[in-house]
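Sending over a structure as structure tokens; questions will come in a sec.
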Amino acid sequence: MSIRHFLTLFDLSSNELIDLIDRAQVIKNTHIASDLGTLMSGMTMVMLFEKVSTRTRISFEIAATQFGGHTLFLESQHSQLSRGEPLSDTSRVISSMADLIVMRTSSHDRIVTLAEFSKIPVINAMSNSYHPCQILADVLTFTEKKGSIRDAKVSWVGDGNNVCHSWMNAAVKFNFDLQLACPPEHGPDPDILEVTKNRVSLTHKPEKAVAGSDLVVTDTWHSMGYERAKEKYEQDFSNFTVTKSLMQLAHESALFMHCLPAYRGKEVVAEVIDGPQSVVWEEAENRLHAQKALIEFLLT
């Protein structure tokens, strides 16, 4: 049987993704399912992180613990990678001993290389191009609150970044419409837009994107690794703050999501993120449950 990896949402079929969301709900409702408490007994999950993390690290470590497994957290600067060891060699070594690799990195090519030389499943815990685990949690949250996301209208306001790219993939895999509102110089990767164009459209006007939406999503204006351009970003994004008046253009029952960390007064005002339409805290918790379903899928 070939090894399954989860580097983007396109690594799973639409039916597999839908089943994964359903399974995540079951796991969440039973908290620690009796049949999963020993799923990872005797197993080790290696977490190879080249970028900082809060929610991703916590959720993966707790998931492995609740499955009866062990985690080994490895920062690249504390490994031989910092001395120039090829990632392919590191992958061969880790996968000869461990059972699962979770990687957070910069260039997406790095995680592709890791998976290419790995004998065990590899999970993308975020690259500069994609953040698929986040979207699993987001779709789970939407499903809990409003039912199936199929044929819904989702609006993205902000940078055409890695989370945006994964939302674009999700629109195709889960069959919903995604309207992007990005500043002219900060749109998504044109190649990803071309692949997803049947379900995704792009505008430079947040008001147009949000009108009639079932869900409004945003993210920090300056993604991890791009903080040096903060002043220019804040100028470019000055009209892309999710305000209460912008949310009023969406459906009355529309939800608001943000993958966090959030900067109130920048990409979103406190009145929205701390308001009744916000589901960011459920969204954050659902990282745990969605990833538990993913781990179960990849290991079994």
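These figures come from a predicted structure and were not determined experimentally.
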Does either side chain, that of H108 or that of S127, offer a donor lying less than 3.5 Å from an acceptor on the other one?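 Judged by distance alone, the side chains do pair up.
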
Side chain proximity check, H289 to L140, heavy atoms < 4.5 angstrom: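 Side chain of H289 against side chain of L140, heavy atoms only: contact under 4.5 Å found.
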
What I want to check is whether the side chains of E85 and T90 have a donor and an acceptor closer together than 3.5 Å.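 There is such a pair (donor and acceptor under 3.5 Å, judged by atom type) between the side chains of E85 and T90.
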
Kindly indicate whether the side chain of I273, heavy atoms from C-beta on, has any atom under 4.5 Å from the side chain of V269.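 I273 does not reach V269 side chain to side chain.
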
Mind running side-chain contact (heavy atoms from CB on, under 4.5 Å) on L136 and R287 for me, showing each step along the way? CA-CA 8 Å; L136 291 181; R287 290 293 302 277; over 6 Å; no

What I'd like to find out is whether the side chain of R264 reaches to under 4.5 Å of the side chain of D274, using heavy atoms alone.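 With C-beta onward as the side chain, the pair touches.
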
Tell me whether R4 contacts the main-chain N or O of L12 through its side chain, where contact means a donor paired with an acceptor under 3.5 Å.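 Judged by distance alone, no pair lies under 3.5 Å.
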
Short side-chain to backbone donor-acceptor contact, S278 and G275, under 3.5 Å: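 It does not hold such a pair.
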
Just by distance, with hydrogens left out, do H258 and E267 show a side-chain donor and acceptor under 3.5 Å apart?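 Yes.
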
Do side-chain atoms of S53 reach the backbone of R57 as a donor and acceptor pair under 3.5 angstrom?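 Between the backbone of R57 and the side chain of S53 there is a qualifying donor-acceptor contact (under 3.5 Å).
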
Pair Q134, N162: side-chain N/O donor-acceptor within cut-off below 3.5 Å: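 The answer is no; no qualifying pair exists.
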
Determine whether a donor-acceptor pair (N or O, by modelled atom type, separation under 3.5 Å) exists between the side chain of T241 and the backbone of K266.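 Answer holds: yes.
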
Which heavy-atom pair separates V242 from V272 by the least distance, and what is that distance?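 Smallest interatomic distance, heavy atoms only, reads O-CG2, 3.8 Å.
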
What closest approach, in Å, do F49 and A125 show between heavy atoms, and which atom pair accounts for it?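 So the minimum-distance heavy-atom pair works out to CZ-CB, 4.2 Å.
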
Min side-chain heavy-atom separation V93-D89 under 4.5 Å: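 A side-chain contact under 4.5 Å is absent here.
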
Establish whether I94 and L72 are linked, either directly or via other cluster members, by ILVMFWY side-chain heavy-atom contacts under 4.5 Å.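 Looking at the clustering, L72 is in the same group as I94.
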
Nearest-0.5 Å distance that lies between atom CG in D11 and atom OH in Y130: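 Taking CG in D11 and OH in Y130, the distance rounds to 10.0 Å.
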
What pair of heavy atoms forms the shortest contact from A254 to L215, and how long is it?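 Answer, listing the atom of A254 first, then L215: CB-N, 4.4 Å.
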
Which distance, rounded to the nearest 0.5 Å, do you find between the CG of L288 and the NZ of K28?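 If we round to the nearest 0.5 Å, L288:CG and K28:NZ are 9.5 Å apart.
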
Determine, stepwise, if the pair Q277 / M247 fulfils side-chain contact (heavy atoms from CB on, under 4.5 Å). CA-CA 9 Å; Q277 291 174 280; M247 286 296 298; 3.7 Å; yes

Would you mind reporting whether E282 and K145 have side-chain heavy atoms less than 4.5 Å apart?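 SC-SC contact between K145 and E282 confirmed.
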
Please check if any side-chain donor atom of N161 sits under 3.5 Å from a side-chain acceptor atom of D219, or the reverse.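 On atom types as modelled, these side chains qualify, holding a pair under 3.5 Å.
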
Do the non-hydrogen side-chain atoms of E75 and L48 ever get within less than 4.5 Å of each other?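 Side chain of E75 against side chain of L48, heavy atoms only: no contact under 4.5 Å found.
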
Do any N or O atoms from the side chain of S95 and from the backbone of K119 form a donor-acceptor pair under 3.5 angstrom?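 Confirmed, S95 side chain pairs with K119 backbone.
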
Taking the basic N atoms (NZ, or NE/NH1/NH2) and the acidic carboxylate oxygens, is any pair closer than 4.0 Å for E185 and K232?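 Salt bridge present between E185 and K232.
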
Lys/Arg N to Asp/Glu carboxylate O, E16 vs K173, below 4.0 Å: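 No salt bridge links E16 with K173.
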
Just by distance, do the side chain of H165 and the backbone of S129 share a donor-acceptor pair under 3.5 Å?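 Looks like yes, one N/O pair under 3.5 Å.
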
Would V154 and D214 count as a side-chain contact (heavy atoms from CB on, under 4.5 Å) here? Give the steps. CA-CA 6 Å; V154 178; D214 300 299; 6.0 Å; no

For residues T220 and P261, report the shortest heavy-atom separation together with the two atoms involved.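 Minimum heavy-atom contact is CB-O, 4.2 Å.
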
For F237 and H186, take the angle between the two ring planes, folded into 0 to 90°, and tell me which bin it lands in: parallel under 30, tilted 30 to 60, perpendicular over 60.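 If you compare the ring of F237 with that of H186, the planes turn out tilted.
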
Run through K292, Q291, R104 and flag the one making a side-chain contact (heavy atoms from CB on, under 4.5 Å) with F60.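 Only one option passes, and that is Q291.
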
Can you label the angle between the H222 ring and the Y263 ring as parallel, tilted or perpendicular, going by 30° and 60°?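 Taking Y263 first and then H222, their aromatic rings sit tilted (interplane angle of 30° to 60°).
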
Please give me the minimum heavy-atom distance between G160 and C182, naming the atom from each residue.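 Scanning both residues completely, I find the closest heavy atoms to be N-SG, 4.0 Å.
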
Tell me the closest heavy-atom pair linking F142 and S148, and the distance in Å.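 In this case the closest contact between F142 and S148 is CE2-O, 3.7 Å.
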
Is the closest basic N to carboxylate O distance between K153 and D177 below 4.0 Å?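 Here K153 does not pair with D177 in a salt bridge, since their nearest N and O are not under 4.0 Å apart.
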
Pairwise side-chain contact, K51 with S106, heavy-atom cut-off 4.5 Å (strictly under):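 Yes, their side chains come closer than 4.5 Å.
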
Consider only side-chain heavy atoms of I, L, V, M, F, W and Y, link residues closer than 4.5 Å, and tell whether L7 and F117 are in one cluster.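 No, because L7 and F117 fall into different hydrophobic clusters, even though each may have its own neighbours under 4.5 Å.
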
Does the pair I101 and I123 meet the rule for a side-chain contact (heavy atoms from CB on, under 4.5 Å), with working shown? CA-CA 6 Å; I101 305 175; I123 295 175; over 6 Å; no

I'd like to know if the side chain of S166 and the backbone of V163 have a donor-acceptor N/O pair within less than 3.5 Å.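 Here the side-chain-to-backbone pair does not exist.
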
If I take atom OG from residue S14 and atom CZ from residue R150, how far apart are they, to the nearest 0.5 angstrom?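 Reported to 0.5 Å precision, the distance equals 8.5 Å.
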
Ignoring hydrogens and geometry, is there a side-chain-to-backbone donor-acceptor pair from D99 to T44 under 3.5 Å?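 It does hold such a pair.
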
Give, for atom CG of L298 and atom CD1 of I120, the distance between the pair rounded to the nearest 0.5 Å.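 Here the interatomic distance stands at 11.0 Å.
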
Quick check against the 3.5 Å criterion: does T141 have a side-chain atom that pairs as donor or acceptor with the backbone of A137?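 Yes: the side chain of T141 pairs with the backbone of A137.
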
Indicate yes or no for a side-chain donor-acceptor contact from T243 to the backbone of L246 under 3.5 Å, with no hydrogens or angles considered.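 Indeed, once roles are kept as given, a pair shorter than 3.5 Å links the two residues.
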
Nearest-0.5 Å distance, CG of residue L178 to CE of residue M168: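 So the gap between those two atoms works out to 7.0 Å.
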
Would you indicate whether the side-chain heavy atoms of V172 and N198 approach each other to under 4.5 Å?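 N198 does not reach V172 side chain to side chain.
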
Spatial distance of atom CZ (F6) from atom CD1 (I111) [nearest 0.5 Å]: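 Spacing of CZ (F6) from CD1 (I111) equals 10.5 Å.
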
